[in-house]
Amino acid sequence: MTNRFLKLLSFVFILSAVGCGKNNDTNSANETVERRVETLLRKMTLEEKLGQMNQITSYANIEDLSNLIKKGEVGSILNEIDPVRINALQRVAIEESRLGIPILIARDVIHGFKTIFPIPLGQAASFNPDIVETGARIAAIEASSVGIRWTFAPMIDIGRDPRWGRIAEGFGEDTYLTSVMGVASIKGYQGDSLNNPTSIAACAKHFAGYGAAEGGRDYNSTNIPERLLRNVFLPPFEAAVNAGAATFMTSFNDNDGIPSTGNVFLLKDVLRKEWKFDGFVVSDWASVVEMITHGYAADEAEAALKAINAGVDMEMVSGSFVKEAPQLIKDNKLKESVIDDAVRDILRIKFKLGLFENPYAKEGSNTVCYDESHLQAAKQAAIESVILLKNTNQTLPVKSDIKSIAVVGPMANAPYEQLGTWVFDGDKAYTQTPLKAIDNLSKCHNIQLIYEQGLTHSRDNNMATIAKAANAAAKADVIFAFIGEESILSGEAHCLADLNLQGGQSALIEALYKTGKPVVTVVMAGRPLTIEKEISQSAAVLYSFHPGTMGGPAIADLLFGVAVPSAKTPMTFPKATGQVPMYYSHNNTGRPATRNEVLLNNIEVEAGQTSLGCTSFYLDAGFDPLYPFGYGLSYTTFSYSNIKLSKDKFKSDETIKVEFELENTGNYQGTEVVQLYVQDKSGSVTRPVKELKRFMRVTLQPTEKKTLSFELPISELAFWNIDMKKVVEPGDFNLWVATDSQSGEAVPFTVIQ
Ligand code: NOJ
């Protein structure tokens with residue numbers, strides 16, 4: 001489904017919701033909402049207010065749930081997905097509770113509801129915000145069709161450590177890419193208006209710094225100084241506020257000793273005062289009472305007090321607000337006006353969602369989920385998310401004289417595993433696997449297909465079945481090996497200390513390599529894995545992350561050349577786990593690596609010791625990653641030329657125009673992700689060696705050459721400086737327009753006062 005079609009669909013719904021032809025003036029609509037909030041708030045008892053601040057998780061006994069709702073003790077329920085039950089609960093809220101305030105039904109709809117799109121890290125590899133927006137729009141259409149009106153997405157935590165299992169759930173290591181993708185996702189979920197019945201409220205999470213968990217171990221402490229927080233971790237959240245994100249979720253981590261759920265600086269000073277956020281803030285699951293375990297609160301009363309006073313409006317599942325706030329108010333520790341503010345924030349979103357007018361979902365057969373147009377959009381997203389990492393001698397796409405193909409590996413036909421993390425509702429029965437899709441295409445091309453799984457799952461270690469698979473594969477002209485990670489090996493709390501392939505997968509690739517036949521390795525994983533050896537044993541490598549429901553046909557199209565790869569690494573791929581955290585946008589040391597360093601195996605025994613001339617690198621891994629950020633090949637090739645700036649000196653209120661030529665120098669139509677990086681060469685504090693500032697996808701026919709341009713306002717070079725002020729500091733800069741973060745020639749320019 002095209003974006004335009006989706007927008008049209010949203011528009012039709014808005015028209016029917018507001019009345020065709022009415023001039024929907026935003027200001028007056030906001031005023032109406034504010035008036036309705038105040039009128040309702042005035043009627044509420046303290047208990048009813050605290051009820052709105054209480055989110056519970058669903059459970060089987062509908063009578064008990066109904067009783068709580070009837071008494072006004074619940075504002076939101078998470079994990080209800082049955083429209084009949086949702087409607088029944090909503091009816092109790094509307095018709096049987098004193099004030100008739102609807103319940104907000106929430107669910108983790110992370111990369112699709114029923115139709116599953118590639119994991120967000122995969123979608124980030126597309127560098128295409130349109131597929132992210134379309135995916136989120138489709139997820140919203142499907143989820144809202146059963147009555148879900150709030151998702152806990154997007155996750156816009158910057159992740160620079162692939163050991164962290166939740167790296168799968170975000171858009172990678174880069175601040176700018178994550179900001180762009182986060183905004184696209186919010187637009188998709190929320191549509192043109194929250195009031196559209198197919199819109200669901202987005203939730204920017206986890207605020208903040210969660211992705212910097214020490215050692216990549218989930219929930220762990222972070223130690224991000226304010227400047228780094230503001231320069232790297234907060235911009236995607238500020239962009240989310242500007243894009244109209246309805247809600248924010250606090251993160252589990254404590255940063256510099258302060259858990260986010262009790263962090264006044266983050267939730268009040270930055271989010272409310274600086275950014276003017278007017279949605280509501282939900283805690284993460286039990287993160288209010290977990291402040292006791294953190295050692296930041298002595299008991300539930302103190303935890304509730306700290307969270308409410310910090311600015312948490314709704315408590316997810318741990319119930320301490322409802323339990324403790326009345327006494328805290330009686331004891332004059334907590335002001336009721338603070339509760340009122342929280343309830344205002346929540347009611348505002350409920351009104352904006354149109355829940356009071358339109359609380360019920362459609363029951364009966366669901367014709368929305370898995371619509372053919374949704375499946376096709378998921379396929380396109382998967383095509384654009386698969387990175388071609390290696391293609392020796394143009395092994396791919398497979399040549400027309402191929403007579404037989406062997407498909408091998410635990411991920412070739414794993415309908416559940418290819419969906420990835422955070423899949424609660426996607427049904428594996430709808431998954432189209434690579435095996436099935438390759439089988440279809442092989443039949444069209446009269447190619448014989450040999451299938452041997454080799455290993456039953458990614459952690460399987462059976463050497464006998466590996467040998468059997470290699471024997472079978474040796475008879476084919478080319479081998480497609482599908483390896484990676486089962487979906488449960490990434491995601492929340494699923495961190496790894498070792499990023500090598502699990503089980504016998506490395507041995508499987510080795511055995512296939514030894515057949516002498518070209519091995520095309522396809523990796524389906526939730527994170528970058530350290531696969532240097534396996535890459536060296538493969539003629540070609542595609543990295544598909546977990547590609548979702550339609551991953552099979554997408555990969556098959558790429559293998560056969562029906563589609564051409566265009567994705568780029570959304571984070572640095574390390575050679576060895578010991579290199580992480582590793583990211584392109586690091587600051588320079590005083591002794592940067594020269595790449596001429598003597599590595600482990602070349603050091604003489606009893607070599608003399610000196611620190612003179614020493615540089616920053618690893619003896620056993622050098623300095624460079626396996627693949628830098630922004631890297632990815634195509635079946636065609638591109639050449640950049642004539643990169644020119646509009647001038648070489650700019651004032652801080654001016655805009656740089658960069659013109660360049662891009663030519664398709666190969667034999668296929670292809671899409672290049674052009675990237676623009678900038679370096680601020682010296683400042684009042686040290687600055688990253690490069691920062692991504694713009695990107696674009698450009699499709700060219702063979703031999704086609706285009707003159708293209710980027711515009712970059714100098715104001716976007718601002719950073720939080722020595723005085724903790726966001727400013728552009730005059731001085732010398734470098735700029736690159738290049739195919740990845742390690743390529744291209746620097747073009748200098750200067751910013752003057
Ligand atoms: C905990 C996770 O950290 C959060 O991302 C998620 O939305 C909630 N649980 C609700 O499932």
Side-chain angles (χ1 to χ4, degrees), residues 54-59 74-81 103-113 119-121 136 139-140 143 148-159 164-171 178 182 185-186 189 200-213 216-222 233 236-237 240 245-255 259-263 266 279-291 293-294 307 312-319 349 420-426 487-488 490-495 526:
N54 190 26
Q55 181 180 57
I56 60 169
T57 187
S58 154
Y59 46 83
V74 180
S76 171
I77 298 181
L78 79 154
N79 297 335
E80 273 293 349
I81 52 159
I103 299 289
L104 182 49
I105 303 292
R107 180 75 161 166
D108 286 287
V109 179
I110 307 296
H111 51 110
F113 178 57
I119 55 168
L121 188 60
I148 295 163
R149 295 300 306 283
W150 182 20
T151 178
F152 301 125
M155 187 187 99
I156 46 177
D157 297 310
I158 299 301
W164 189 48
R166 300 197 79 167
I167 206 96
E169 204 188 325
F171 298 112
T178 300
S185 168
I186 291 163
Y189 287 126
I200 63 178
C203 183
K205 73 185 189 185
H206 304 85
F207 196 56
Y210 184 44
R217 206 174 70 240
D218 209 2
Y219 315 125
N220 208 3
S221 297
T222 59
F233 292 86
F237 289 96
T247 72
F248 261 56
M249 185 187 291
T250 63
S251 57
F252 282 126
N253 57 301
D254 64 318
N255 189 46
S260 300
T261 303
N263 193 323
L266 281 177
F280 74 84
V281 175
V282 64
S283 75
D284 202 343
W285 185 285
S287 69
V288 174
V289 298
E290 283 177 13
M291 290 200 290
T293 324
H294 270 290
V312 175
D313 301 313
M314 185 180 280
E315 180 179 14
M316 190 187 289
V317 307
S318 43
I349 297 302
T421 185
W422 278 120
V423 173
F424 292 151
D425 305 298
S487 60
I488 197 61
S490 59
E492 184 177 348
H494 289 78
C495 305

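Index from 1, following the sequence. Read the numbers this way: they start at 1 and go in the same order the structure lists the ligands and their atoms.
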> Can you find a non-hydrogen atom of His206 under 4.0 Å from ligand 1?
Replying inline: yes
>> At less than 4.0 angstrom from any non-hydrogen atom of Met249, what atoms of ligand 1 do you find?
In response: 4 (C), 7 (O)
> ligand 1 versus Lys205, non-hydrogen atoms closer than 4.0 Å: side chain, backbone, both, neither?
Replying inline: side chain
> Is the backbone of Ser287 close enough, under 3.5 Å, to the side chain of His294 for a donor and an acceptor to pair up by distance?
Replying inline: no
>> Which residue and atom name correspond to the protein heavy atom nearest atom 8 (C) of ligand 1, and how close is it?
In response: Asp284 OD1, 3.4 Å
>> Taking the ring of Trp285 and the ring of Phe152, is the distance between their centroids below 6.0 Å?
In response: no
>> Using only atom types and a distance under 3.5 Å, with no angle test, would you say the side chain of Ser251 pairs donor to acceptor with the backbone of Ala208?
In response: yes
> Which class fits the ring pair Trp164 and Tyr210: parallel under 30°, tilted 30 to 60°, perpendicular over 60°?
Replying inline: perpendicular
> Applying a 4.0 Å heavy-atom criterion (strictly less than), which segment of Arg107 is in contact with ligand 1: side chain, backbone, both, or neither?
Replying inline: neither
> So, Asn255 and Thr222: side-chain donor and acceptor under 3.5 Å apart, yes or no?
Replying inline: yes
> What protein heavy atom sits nearest atom 10 (C) of ligand 1, and how far away is it?
Replying inline: Asp108 OD2, 3.1 Å
